[in-house]
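Data first, discussion second: the structure below is written as structure tokens.
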Amino acid sequence: MKKNIAVLVSGKGSNAKNICAFFQKSEIASVKLICSNKKNRPLKSFSNEIGVNYYFLDKRNVDFFDEFINYTKALNIDFVVLAGFLLKVPKKLVELYAGKIINIHPSLLPKYGGKGMYGMNIHNLVIKNKEKYSGITIHFVNEEYDSGAIIFQHKYELKKNETTESLAKEIQKIEHSFFPKIILETIKKPL
Ligand code: GRF
């Protein structure tokens, strides 16, 4: 039986789109749901066009995560992928999908991980601290920020004149090239 993936985002969703494209050709799994906690019309239209369910996780609703959890159950979601998702994942979801929630982080964890460490905040610090390397980490999610078991890391050597913006672009390219493949490998061989 094909596995069903839910992709959760807080940003533009370029990783989510890239993951959808990759799994459209897969026999192993497919993206069944895209969920955003920010209003994201382009991503909603994209989901509609490719026939993937779209869910707006509205923080203003009491029990907003409970409703989402019921929805994932109704859709028979097997794996949850966090692709630039900034809300803390509640215990209930972590327990329900134990070893089946995968996150991508734009640094070489444990460096630049934890609360407040996301997106440009990370790249700014990496440049400010004159780091020689940065990269990506793909890891399982537990109840603490960025501290679940590491599945995969890819190192990037900063260019001499690297800026926050150029670094962000390079890191995103790396995310796009590795994330779908690592998700597939993890689905084939879960924890
Ligand atoms: C990614 O770089 C992710 O690692 C970071 O936020 C970015 C999300 O980009 N935490 P997008 O929404 O996939 O375009």
Side-chain angles (χ1 to χ4, degrees), residues 5-24 31-50 52-59 68 79-89 93 101-128 131 133-142 144-159 162-184 186:
I5 306 170
V7 184
L8 276 61
V9 311
S10 301
K12 282 200 200 116
S14 69
N15 274 288
K17 287 181 181 173
N18 183 50
I19 293 164
C20 285
F22 178 91
F23 280 99
Q24 267 179 339
V31 177
K32 190 88 187 251
L33 169 67
I34 293 179
C35 164
S36 172
N37 70 304
K38 295 269 162 65
K39 286 235 158 106
N40 190 333
R41 265 171 195 270
L43 192 59
K44 189 177 177 186
S45 310
F46 171 84
S47 309
N48 290 341
E49 275 160 31
I50 61 163
V52 169
N53 299 284
Y54 179 85
Y55 184 90
F56 171 51
L57 190 64
D58 192 348
K59 251 178 116 172
F68 173 72
F79 284 83
V80 175
V81 170
L82 311 183
F85 184 68
L86 301 180
L87 296 184
K88 193 152 189 215
V89 178
L93 195 70
I101 310 183
I102 306 162
N103 182 44
I104 191 157
H105 188 82
S107 79
L108 294 171
L109 288 173
K111 275 195 154 185
Y112 304 102
K115 201 164 192 280
M117 283 291 106
Y118 59 87
M120 285 309 202
N121 293 354
I122 294 173
H123 305 316
N124 270 321
L125 270 181
V126 166
I127 297 288
K128 197 175 147 210
E131 295 282 0
Y133 298 101
S134 189
I136 65 162
T137 303
I138 297 169
H139 65 94
F140 289 110
V141 171
N142 59 18
E144 303 301 319
Y145 275 115
D146 305 326
S147 63
I150 291 176
I151 303 168
F152 173 86
Q153 291 190 301
H154 183 85
K155 216 176 187 184
Y156 168 74
E157 185 171 357
L158 272 73
K159 296 190 286 275
E162 198 80 69
T163 63
T164 304
E165 289 70 28
S166 67
L167 177 60
K169 275 193 191 143
E170 294 293 345
I171 293 294
Q172 191 140 65
K173 264 195 243 163
I174 296 168
E175 290 182 337
H176 290 173
S177 72
F178 288 103
F179 200 16
K181 290 180 213 160
I182 301 298
I183 295 168
L184 178 60
T186 311

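Both ligands and their constituent atoms are indexed starting at 1 by order of listing.
- Shown here are the ring-ring contact (aromatic ring centres under 6.0 Å, His included) partners of His176, two or more places apart in sequence or in another chain: there are none.
- Partners of Lys39 under the salt bridge (Lys or Arg N to Asp or Glu O under 4.0 Å) rule, at least two apart in sequence or in another chain, do not exist in this structure.
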Go ahead and list the nitrogen or oxygen contacts between ligand 1 and the protein that come in under 3.5 Å, distances to 0.1 Å, or just say none.
unit_1   : atom_1 : unit_2 : atom_2 : d
ligand 1 : 2 (O)  : Glu175 : OE1    : 2.9
ligand 1 : 2 (O)  : Glu175 : OE2    : 3.1
ligand 1 : 4 (O)  : Glu175 : OE2    : 2.4
ligand 1 : 9 (O)  : Gln172 : NE2    : 3.1
ligand 1 : 12 (O) : Lys12  : N      : 3.1
ligand 1 : 12 (O) : Gly13  : N      : 2.7
ligand 1 : 13 (O) : Ser14  : N      : 3.3
ligand 1 : 13 (O) : Ser14  : OG     : 3.4
ligand 1 : 13 (O) : Asn15  : N      : 2.8
ligand 1 : 13 (O) : Asn15  : ND2    : 3.0
ligand 1 : 14 (O) : Ser14  : N      : 3.0
ligand 1 : 14 (O) : Ser14  : OG     : 2.6
ligand 1 : 14 (O) : Gln172 : NE2    : 3.3

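- One distance of note links NZ of Lys173 with CD1 of Ile136; it measures 13.5 Å at 0.5 Å rounding.
- Summarising the geometry, atom OG1 belonging to Thr164 is positioned 12.0 Å from atom CD1 belonging to Ile122; distances are rounded to the nearest 0.5 Å.
- Under the side-chain contact (heavy atoms from CB on, under 4.5 Å) criterion, Tyr118 pairs with Leu86, Asn121, not counting sequence neighbours.
- At a cut-off of 3.5 Å, with distance as the only test, a side-chain donor of Asn142 or Ser147 sits close to an acceptor on the other residue.
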